[in-house]
Amino acid sequence: MNRRPRGIAPRIDIVVPDSWHAIYAVVKRIPKGKVASYGQVAMLAGLPRAARLAGTALFHGPPELVSKIPWQRVVNAAGRISYSEARNGSDHRQRELLEKEGIEFTAAGVIRMSKYGWDGK
DNA sequence: GTTCTGACTAGGA
DNA sequence: CTCCTAGCCAGAA
C-alpha cells in the first residue's frame with residue numbers, strides 16, 4: 001500500500017537531467033513511419049548501455065516537453081510496445097498513433113523491425 | 001557514500 | 001512462439 005517511491009519518482013517540479021535532453025534530441029530525429037528501440041536511442045544519445053534510461057526519460061519527462069516529440073516511435077528491441085501498469089493505458093494510445101503513421105503490427109502485436117526499424121540516419 | 005528501481009536487453013529453457 | 005533470468009545504467013532517496 002504505502003510503498004515509498006524509490007528510483008525515479010513522478011514529481012511536479014521536474015528537473016530534466018542532461019542525459020534526458022540527449023535522448024529527446026535523438027527521438028526527434030526518428031522519421032515518421034519508422035520506429036527505434038530504447039537501446040538504439042540510448043546508443044545514439046551517447047549512452048550505449050542505458051536503454052532503461054531512454055524509457056525512463058520518455059515516461060517521467062515533463063509532458064509539455066515529451067508531447068512535442070514523437071515518443072510513440074520508441075519501442076522495445078523485440079518490436080513490441082512495452083507494457084507497464086503505471087502507463088495506465090498509454091500503451092494502447094501508442095499503438096494507435098503508430099498505426100496512424102502506417103506502421104503495421106502482426107497478429108501477435110509485433111512490429112517488424114526489418115521493415116519499420118529506423119537506420120539511425 | 002549506499003540501496004533500490006525501472007516505457008530495457010540478450011540469452012537460455 | 002512464450003516465459004524467466006542475470007546484467008545493465010543513471011537517477012532518486
Side-chain angles (χ1 to χ4, degrees):
Chain A
M1 269 295 103
N2 50 355
R3 285 172 304 131
R4 200 162 299 285
R6 291 272 168 71
I8 312 301
R11 45 198 322 107
I12 308 299
D13 54 319
I14 302 170
V15 177
V16 182
D18 290 341
S19 57
W20 290 20
H21 282 302
I23 287 168
Y24 298 148
V26 173
V27 175
K28 281 184 197 164
R29 295 171 40 210
I30 305 174
K32 180 181 179 184
K34 293 286 184 180
V35 296
S37 72
Y38 294 97
Q40 182 183 2
V41 169
M43 184 186 75
L44 293 173
L47 300 156
R49 303 271 174 311
R52 309 188 78 141
L53 186 65
T56 300
L58 292 177
F59 184 41
H60 291 292
E64 64 271 21
L65 192 55
V66 177
S67 64
K68 286 185 169 58
I69 65 178
W71 61 271
Q72 73 274 24
R73 295 177 193 153
V74 187
V75 299
N76 63 38
R80 310 172 116 263
I81 291 173
S82 294
Y83 172 79
S84 170
E85 294 275 342
R87 292 190 68 163
N88 205 259
S90 73
D91 49 340
H92 182 264
R93 240 189 318 142
Q94 180 172 11
R95 174 166 177 158
E96 288 182 348
L97 288 169
L98 291 176
E99 291 185 316
K100 200 149 65 173
E101 293 186 0
I103 292 175
E104 303 170 302
F105 288 73
T106 66
V110 178
I111 297 171
R112 281 198 296 132
M113 298 306 273
S114 58
K115 179 174 182 179
Y116 297 108
W118 178 41
D119 57 15
K121 297 177 301 194

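Chain letters run A, B, ... following the sequence lines, proteins first and then strands; every chain starts at 1. Nothing here was measured: the structure is a model prediction, and the numbers come from that model.
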Checklist line | Contiguous pairing runs of three or more, Watson-Crick or G-U under 3.5 Å, that involve DNA chain B | finding: B:2-6 with C:9-13, B:8-13 with C:2-7

Checklist line | Min side-chain heavy-atom separation A:Glu96-A:Gln72 under 4.5 Å | finding: no

Note to self: Can you confirm whether A:Lys68 sits close enough to A:Tyr24 that some side-chain heavy atom of one is under 4.5 Å from a side-chain heavy atom of the other?
What the structure shows: no

To the nearest angstrom, how far is [X] atom [atom1] from [N] atom [atom2]?
X	N	atom1	atom2	result
A:His92	B:dA7	NE2	P	20 Å
A:Met43	C:dC9	CE	P	16 Å
A:Arg87	B:dG6	CZ	C1'	13 Å
A:Ile30	B:dA7	CD1	C1'	13 Å

Next item on the list: Please name all residues satisfying side-chain contact (heavy atoms from CB on, under 4.5 Å) with A:Ala108, sequence neighbours left out, ordered by chain then number.
Entry: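 Applying side-chain contact (heavy atoms from CB on, under 4.5 Å) to A:Ala108 gives A:Thr106, A:Val110.
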
Next item on the list: Please measure how far the P atom in C:dA13 lies from the corresponding atom in B:dA7, and state the result in whole Å.
Entry: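 About 16 Å, rounded to a whole number of Å.
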
Next item on the list: Sticking with atom P, work out how far B:dG12 lies from C:dC8, rounded to a whole angstrom.
Entry: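 Taking atom P in both B:dG12 and C:dC8, they lie 15 Å apart.
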
Notebook entry, point to check: Taking only N and O in the side chain of A:Ser84, is any of them less than 4.0 Å away from OP1 or OP2 of B:dG6?
Noted result: no

Checklist line | With A:Ile81, the side-chain contact (heavy atoms from CB on, under 4.5 Å) member among A:Asn76, A:Val75, A:Val35, A:Val74 | finding: A:Val75

Notebook entry, point to check: Between C:dC8, C:dA10, B:dA7, which nucleotide gets closest to the side-chain atoms of A:Arg49?
Noted result: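 Between C:dC8, C:dA10, B:dA7, the one nearest the side chain of A:Arg49 would be C:dC8.
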
Check: Do you know which of A:Lys34, A:Glu104, A:Glu101 makes side-chain hydrogen bond (donor to acceptor under 3.5 Å, both in side chains) with A:Tyr116?
Finding: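 Exactly one candidate clears the test, A:Glu104.
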
Item checked: Per-nucleotide protein contact string for nucleotides 8-13 of chain B, where B marks a base within reach and S marks sugar-phosphate only (heavy atoms under 4.0 Å, - for neither) -> BSS---

Same cluster or not: [X] versus [Y], using hydrophobic residues (I, L, V, M, F, W, Y) connected whenever any side-chain heavy atoms lie under 4.5 Å apart?
X	Y	answer
A:Trp118	A:Ile111	no
A:Val27	A:Phe59	no
A:Phe105	A:Ile30	no

Margin query: Can you confirm whether the side chains of A:Arg87 and A:Ser84 place a donor and an acceptor under 3.5 Å from each other?
Written below: no

